[in-house]
Amino acid sequence: MNTSNGTKTPNSEDKIECDGVDRETREIGATAVCAVIFITSTLGNALVIMVVYRERRMRTIVNLLIVNVAVSDFLCTLFVIPRVITQTFTDQLAWLIGGTLGEALCKVVYFFQDITVAVSLLSLLIIASERYYAITRPIIQNTYQKTRGILLIVITWMVACVIHAVDLYAFKLEEGAFCVHTWEPLFEDRFEAWKIQFLVHTIIFVFIPFFIITALYVTIIIRIRRMTLPEEASRRSLCLSRNRKVLRMLIAVVIAFGVCWFPFLIYHYVATFTWFNNNLEPPCSVKFIGECSLYLTFINSSINPAIYFMFSKNYRSGLNNIVWSFFTPFFRSSRKRVSRNIETPCFKPPPQDNGGVIQCQDVELQVFSFPQR
């Protein structure tokens, strides 16, 4: 999805200039927004990574995949925001470095910013699949969670690299100062080549995975609501309660992804088939909406850490642990006190009767908590 982080369509190579917003105001506003996104995203995602790294009991498959999302969001911010700020003061396709190095950076920067988005979505898909498997296929505690989690993380990056490998060919440095997306000399028509790639990537690698994720969570919610527990099964009842709480957090992350990315994709679909197909420029009001939707995609990297800390008691406790380590002279005793707040998982014994009414064996579901209303 080579337009995923602000690359232009091939037929719109002039900088957006509309009446009513002068250049200086636009530059100041864009820079301020980018600065806030850069600080909140890098700091928030770094804290998420540190929390899981410091708390051994949180190194479960779900948390490792959440760290994978945090790493991809962190890298996406590093690759995208500085480039956007630079191009705000120059040109949307401007590239400050020329020559062989500039050509290589032109390819690598867009390649990595696109695979970070793919890694995030693939991680969400695997998390949803893991939750579905945990609910529908009860098993005994998996003692190889860390190894399996690392393997899944490697797979997400490998698949993302394969999906966007075409970026290494399609992005080229032209006239020594512009990084453009073009399939020449394979395809002479830049716009048609870009449109085909955009449609294939968004349909196969965005809409279909997102639909599968949504279907899995809907199925999980239905299954959990239909579960019944005997009154004396307090242990299993606690597990089910925790499963429901963590699902709320995971679903919130998925919803945030959809809210932040779908407006941008819808804008490109509408603009492509309404104006670009006819070699026309969208009205200034539509361009403004498209630019706002672009910045909304950047905000997604800042929203995810906020969701983790807002919805999860364990992440908040881990954050308190980090804060104490920096701001108190009594580091060891303070860390020990805070670490006790990390909830340990509740394990499910082997099924003894009818296969088990509730499936709470999945360890990583139990490391989260959701604030009571």
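When reading the values below, keep in mind they use all heavy atoms of this one structure, side chains included, and skip hydrogens, waters and symmetry mates. Remember, it's a predicted structure, so these values are computed and weren't measured experimentally.
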Gap separating the OH atom of Y267 from the CD1 atom of I289, nearest 0.5 angstrom | 9.0 Å
Does the ring of F309 carry K313 above it, NZ/CZ under 6.0 angstrom from centre and within 45° of its axis?
-> no
Approximate separation, where rounding is to 0.5 Å, of S123 OG and E130 CD | 11.5 Å
Hey, are S120 and S72 close enough side-chain-wise for a donor-acceptor pair under 3.5 Å?
-> yes
Between F191 and T272, is any pair of side-chain heavy atoms under 4.5 Å apart?
-> yes
Mind checking whether S129 and L216 have side chains closer than 4.5 Å, heavy atoms only?
-> yes
Given side chains that start at C-beta, do those of W95 and V109 come closer than 4.5 Å, heavy atoms only?
-> yes
Is T274 reaching over with its side chain to a backbone N or O of A271, donor-acceptor style, under 3.5 angstrom?
-> no
Quick one: pull up CG in D167 and OH in Y110 and give me the separation to the nearest 0.5 Å.
-> 10.5 Å
Looking only at atom types and distance, does a side-chain atom of E27 sit under 3.5 Å from a main-chain N or O of F89, one as donor and one as acceptor?
-> no
Do V166 and H201 touch side chain to side chain, with heavy atoms closer than 4.5 Å?
-> yes
Using the ring of each side chain (for Trp, its six-membered ring), is F198 parallel, tilted or perpendicular to W194, with breaks at 30° and 60°?
-> parallel
Would you say the side chain of F276 lies within less than 4.5 Å of the side chain of K195, judging by non-hydrogen atoms?
-> no
Hey, could you give me the CD1/CD1 distance between I81 and I85, rounded to the nearest 0.5 Å?
-> 6.5 Å
Without swapping roles, check the side chain of R316 against the backbone of M310 for a donor-acceptor pair under 3.5 Å.
-> yes
Measure from NZ or CZ of R59 to the centre of the six-membered ring of Y53 and say whether it is under 6.0 Å with the direction within 45° of the ring axis.
-> yes
Does F298 reach the side chain of V33, with side-chain heavy atoms less than 4.5 Å apart?
-> no
Go through the steps for F210 and F207 under the test ring-ring contact (aromatic ring centres under 6.0 Å, His included), then give the verdict.
-> CA-CA 5 Å; F210 193 85; F207 292 128; 8.6 Å; no
Would you call E281 and K287 a salt bridge, using N to O less than 4.0 angstrom?
-> yes
Do we see a donor-acceptor contact under 3.5 Å between the side chains of N63 and Y308?
-> no
Kindly indicate whether the side chain of L122, heavy atoms from C-beta on, has any atom under 4.5 Å from the side chain of W157.
-> no
Please confirm whether the backbone N or O of L93 pairs with a side-chain atom of Q87, one donor and one acceptor, at under 3.5 Å?
-> no
Side-chain touch I213/L121, heavy atoms, less than 4.5 angstrom | yes
Between L75 and V162, is there a shared hydrophobic cluster once you connect ILVMFWY residues whose side-chain heavy atoms come closer than 4.5 Å?
-> no
Would you say S41's side chain and F38's backbone share a donor-acceptor pair under 3.5 angstrom?
-> no
